[in-house]
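These numbers come from the heavy atoms of this one structure, side chains and all, not from hydrogens, waters or symmetry mates. Each chain gets a letter, A, B and so on, in the order its sequence line appears, and its residues count up from 1.
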Amino acid sequence: MKPTDTRDPEYYHKVVDCQYACPAHTPVPEYIRKIAAEKYTEAYMINWESNVFPGILGRTCDRPCEPACRRGRVEEEPVAICRLKRVAADQKGDVQSLMPHAPFPANGKKIALIGGGPASLTVARDLAPLGYEIHLFDEQIAGGGMMRSQIPAFRLPEEVLNEEVGYILNLGIHTQFMTYVESLKAVLDQDYDAVFVGTGAPRGRDLPKLPGRKEGDAFIHIGIEWLASVAFEHVDKIGKKVIVLGGGNTAMDCCRTSRRLGGEHVKVVVRSPFKDMKASPWEKEDAQHEDVAILDNHVPLSFEVENGKLTGMKFQRVKAHYDDKGKRKLIPTGEPDVFIEADEVLIAIGQENSFPWIERDIGLEFDEWEMPVVDKVTFQSTHPKVFFGGDAAFGPENVITAVAHGHQAAVSMHQFCQEKDLHQRPAPYTNLFSTKMGIHEWSYDSPVTIDQRYLVPQAQKSITLVDRRKEVELGFDPPTGYKEAQRCLNCDVQTDFTADRCIECDACMDICPTSCITFTGNEADEDRLREKLLVPAENKSQDILVSETLKTGRVMVKDEDVCLHCGLCAERCPTSAWDMQQFFYSVTKAENV
Amino acid sequence: MTYLKPLFRHPRLPKNKLGYTLKEYEGGISTLCAGCGHDSISATIVQACFELAIEPHLVAKISGIGCSSKTPAYFLGNSHGFNSVHGRMPSVATGANMANKNMVYFGVSGDGDTASIGMGQFVHAIRRNLNMVYIVMNNGCYGLTKGQDSATADVGSASKSGHINPFQPVDLASLAVDLGATFVAQSFSGDKQQLVPLLKAAIQHQGLAFINVMSPCVTFNNNPGSTKSYDYVREHMHATGKTDFVPQEKSIQASYAEGTDTAVTLHDGSVMSLHKLAPDWDPEDRLSTVNAMQQARAKNEILTGLLYIHTGYGDLHQILNTSDTALNSLDEKSLCPGQKTLDTINAGLR
């Protein structure tokens with residue numbers, strides 16, 4: 001194989017599993033080290049720069065980083081990255097003075113943002129300091145979009161939401177809340193230089209054809225609409241017996257909210273097996289902890305209505321079968337149908353995009369699924385002035401994805417307004433420097449702790465179930481936060497190898513605790529080379545680092561898979577052929593283009 | 001501070017017959033200089049014991065004084081160890097071996113510990129054919145006292161300070177062959193592919209197995225002009241052949257090419273197969289070994305691999321006809337069989 005080109009920033013970026021998996025590529029190990037050093041404000045600002053909503057995401061993120069965490073490959077559980085982010089947000093000092101301050105010198109361009117959720121707010125934050133005049137429209141009473149209407153207050157307190165939305169709106173954004181935009185054409189007819197659509201996926205799926213749906217309508221609610229009604233205080237109670245249909249995180253929010261509004265016997269009923277449910281494992285745990293029963297393998301048959309009142313629902317019992325390709329089929333078990341009593345039913349079986357307010361004749365193409373045609377890189381629609389992001393762009397995802405979209409859309413809109421080529425994307429900002437301080441000393445905590453993942457303390461059920469605003473998770477206190485932070489393996493501190501310094505003494509290979517390093521003859525075929533390693537590199541999702549040919553004709557091959565970044569290879573290297581070099585990678589935002 | 005070895009290991013680390021991974025054979029973290037050849041030899045011992053599935057508690061590591069003699073702390077942490085007096089490792093090993101012959105004995109020594117202060121002990125351990133692996137980690141200098149020339153330093157070899165060694169070296173491998181050692185090998189710390197099978201065969205060999213390993217002193221003797229540096233040894237190595245160790249249970253299926261391949265069966269039935277590179281060299285013929293070694297010396301080559309093996313010669317216990325039970329487990333009744341037995345013995349002497 002050819003020597004690995006570590007000067008390509010994407011190689012080392014991929015080694016930082018958490019950052020690579022994060023849609024916004026937040027420099028995770030960097031802020032975790034700041035938390036361990038009690039530099040909470042700095043940790044917060046690293047997050048704010050990258051993901052805009054550290055306090056919100058530290059509570060509600062879908063955490064794509066955690067399944068990717070290297071720690072999960074060497075022991076049971078990944079680092080509690082998400083909850084560490086919250087430690088930074090909880091313990092931070094004055095951050096506002098570190099943020100840009102309005103007013104900014106105007107650049108004469110005007111931008112409309114439709115929808116006030118995470119994607120639009122990210123665009124606003126990135127573009128406001130550049131002097132754009134930004135107008136934000138939202139039908140709700142305040143900014144935040146689905147973070148306000150769909151995420152219950154016991155998971156995300158309103159103060160946290162208001163604070164972080166406020167940081168952005170304070171950048172001189174012209175807000176027009178309680179304003180439903182009825183026509184994109186009308187917006188385009190005004191003098192905006194570019195328009196961003198971040199209207200999310202606002203329509204909850206229904207079961208219109210299920211028998212009894214119409215008759216029981218007064219007792220049957222669409223999950224996200226019901227959650228919004230609760231959030232905006234139009235609804236404050238629910239029946240004692242509640243069925244929640246669906247297995248995603250919205251279903252979990254529905255059932256837990258029901259428990260707080262008077263639901264005593266709350267059941268989540270889902271078609272799929274428990275393990276296939278879309279909800280995050282911790283959300284399922286939290287729901288079960290609040291005495292919510294989850295019944296899997298039940299397909300809804302009908303709503304049962306008697307004398308105009310809902311009595312319950314009928315379900316068919318099924319079993320999941322998987323074919324060779326892993327495709328699932330639900331097959332009836334033949335057991336008798338199940339009747340479950342209910343006073344009210346919440347349908348949380350997914351949500352869809354809906355663009356009734358966009359005219360189809362303004363040069364903005366829609367595809368066969370009624371989704372706008374949006375460029376995956378530039379987020380530009382077929383109408384050059386209109387950009388999409390968040391759930392509105394490619395269907396329902398999550399907050400962190402919306403933020404990532406927002407950053408890229410902001411770059412595009414800025415390029416567009418400067419009349420530059422949108423496909424010329426800015427390179428990431430990167431840096432690489434040695435962490436060597438002296439003998440046995442590195443500028444990061446190289447020893448690897450064996451601590452197991454720490455649990456986040458929760459408030460007592462007796463308190464949280466009577467007040468829907470009472471936050472359940474209490475967050476790590478600083479000492480626990482420190483201990484959890486120390487579990488981070490510092491994957492951004494790279495094992496940088498310089499072949500012409502190597503004397504092939506084998507010291508690195510002998511010391512490596514996880515047998516990552518092998519000196520061997522090269523192979524043309526990557527798979528063959530992977531097989532030849534001390535422990536064959538079976539995890540193909542992880543790269544192997546191949547050196548240039550050494551003096552003896554062999555090459556050094558390092559499997560990145562379970563490297564602990566403990567620095568022992570560099571410690572035992574007599575010639576500094578190995579060095580531990582800290583790598584910093586940051587997605588370039590509009591303001592740095 | 002990195003001087004702590006993490007406890008995590010590769011989750012797919014192979015296991016041996018005992019269900020152990022390499023971790024069970026590791027020792028403490030080395031305090032030798034980074035890049036020391038001795039650390040590679042330690043890693044080789046770990047690898048060989050792991051592959052042979054030796055129970056770590058059935059191994060004793062005995063050493064003298066010097067950098068080499070510190071290494072037993074860095075391998076086989078679950079085994080017995082005795083860091084003895086300078087040059088006196090063979091005496092301590094002899095005592096331990098006499099008391100309990102059912103263990104694997106590693107005698108770890110260096111060029112100073114063997115070729116200078118311990119020369120007398122070395123010679124007699126060979127003469128007695130004590131059943132042990134005698135490893136010399138040979139770096140041609142006194143690394144622990146800042147790199148003075150040792151007795152194995154080649155004449156003309158330059159030290160780090162530029163000083164040229166005026167004395168003839170002690171050739172330990174030639175000496176061992178000459179003294180009638182039953183297993184003599186030479187290798188290089190930077191060549192694990194050769195050293196691991198050699199070490200495995202040495203462990204299985206019944207009698208004294210001597211391995212002289214060139215092990216560069218990265219701090220004091222890795223300079224241009226030195227004949228024990230990584231570069232010099234690599235350039236001047238000349239292998240007698242490609243050695244492979246075939247364990248007992250696989251030895252029956254193994255096949256050997258005619259002519260260039262030799263198979264030597266060890267006492268437990270395992271086989272050491274040799275793909276010979278030197279055509280007129282026969283590892284079981286002492287004369288051809290001496291010949292090959294002298295020729296290599298004349299050509300400034302370092303002859304590596306198995307040099308000589310003699311499997312038929314009994315070890316010290318067989319020579320002395322000691323009891324089958326290890327001496328340390330003989331109970332009072334067998335040691336003092338009573339008046340009647342004594343009378344019989346006495347009667348036999350009348």
Q: Please look at B:Phe8 and chain A and tell me whether the side chain, the backbone, both or neither of the residue comes under 4.5 angstrom of a heavy atom of that chain.
A: both
Q: Select one option (side chain, backbone, both, neither) describing which atoms of A:Ile439 are under 4.5 Å from chain B's heavy atoms.
A: neither
Over 12 non-hydrogen atoms of neighbours within 6.0 angstrom of [atom1] in [X]:
X	atom1	result
A:Glu548	CD	no
A:Lys39	NZ	no
A:Glu38	CD	no

At what distance, to the nearest 0.5 angstrom, does [atom1] of [X] lie from [atom2] of [Y]?
X	Y	atom1	atom2	answer
A:Thr552	B:Glu235	OG1	CD	12.0 Å
A:Cys566	B:Leu4	SG	CG	10.0 Å
A:Asp510	B:Ser30	CG	OG	9.5 Å
B:Leu22	A:Ser515	CG	OG	6.0 Å
A:Cys512	B:Arg9	SG	CZ	9.0 Å
B:Ile29	A:Arg572	CD1	CZ	7.0 Å

Q: Would you please name every residue forming a ring pair (Phe, Tyr, Trp, His ring centres under 6.0 Å) with B:His236, sequence neighbours left out?
A: B:Tyr232
Q: Kindly write out the residues that satisfy ring pair (Phe, Tyr, Trp, His ring centres under 6.0 Å) with A:Tyr20, not counting sequence neighbours, or none if the list is empty.
A: A:His13
Taking C-beta and beyond as the side chain, do [X] and [Y] meet within less than 4.5 Å on heavy atoms?
X	Y	answer
A:Leu568	B:Pro6	yes
A:Cys505	B:Val218	no
B:His10	A:Val74	no

(Q) Heavy-atom pairs under 4.5 Å with chain B: which of A:Thr575, A:Ile450, A:Ile503, A:Asp559 has the most? (A) A:Ile503
Q: Name the option with the most non-hydrogen atom pairs under 4.5 Å to chain B; the candidates are A:Glu538, A:Met580, A:Met509.
A: A:Glu538
Q: Could you pull out the closest heavy-atom pair between B:Lys192 and A:Asp506, with the gap in Å?
A: NZ-OD2, 3.0 Å
Q. Any idea which heavy atoms bring A:Pro536 and B:Arg12 closest together, and the distance?
A. O-NH2, 4.0 Å
Q: Please step through side chain to side chain contact (heavy atoms under 4.5 Å, CB included) for the pair B:Leu7 and A:Val448, ending with a clear verdict.
A: CA-CA 8 Å; B:Leu7 295 175; A:Val448 176; over 6 Å; no
**Q.** Sorted by number, residues from residues 67-77 of chain B in contact with chain A (heavy atoms, under 4.5 Å)
**A.** none
Q. Does anything in residues 35-43 of chain B get under 4.5 Å of chain A by heavy atoms, and if so which residues?
A. B:Gly35, B:Asp39, B:Ser40, B:Ala43
Q: Decide side chain to side chain contact (heavy atoms under 4.5 Å, CB included) for A:Glu504 and B:Arg234; before the verdict, give the C-alpha distance in whole Å, the side-chain angles of both, and the deciding distance to 0.1 Å.
A: CA-CA 10 Å; A:Glu504 298 177 68; B:Arg234 281 208 173 98; 3.4 Å; yes
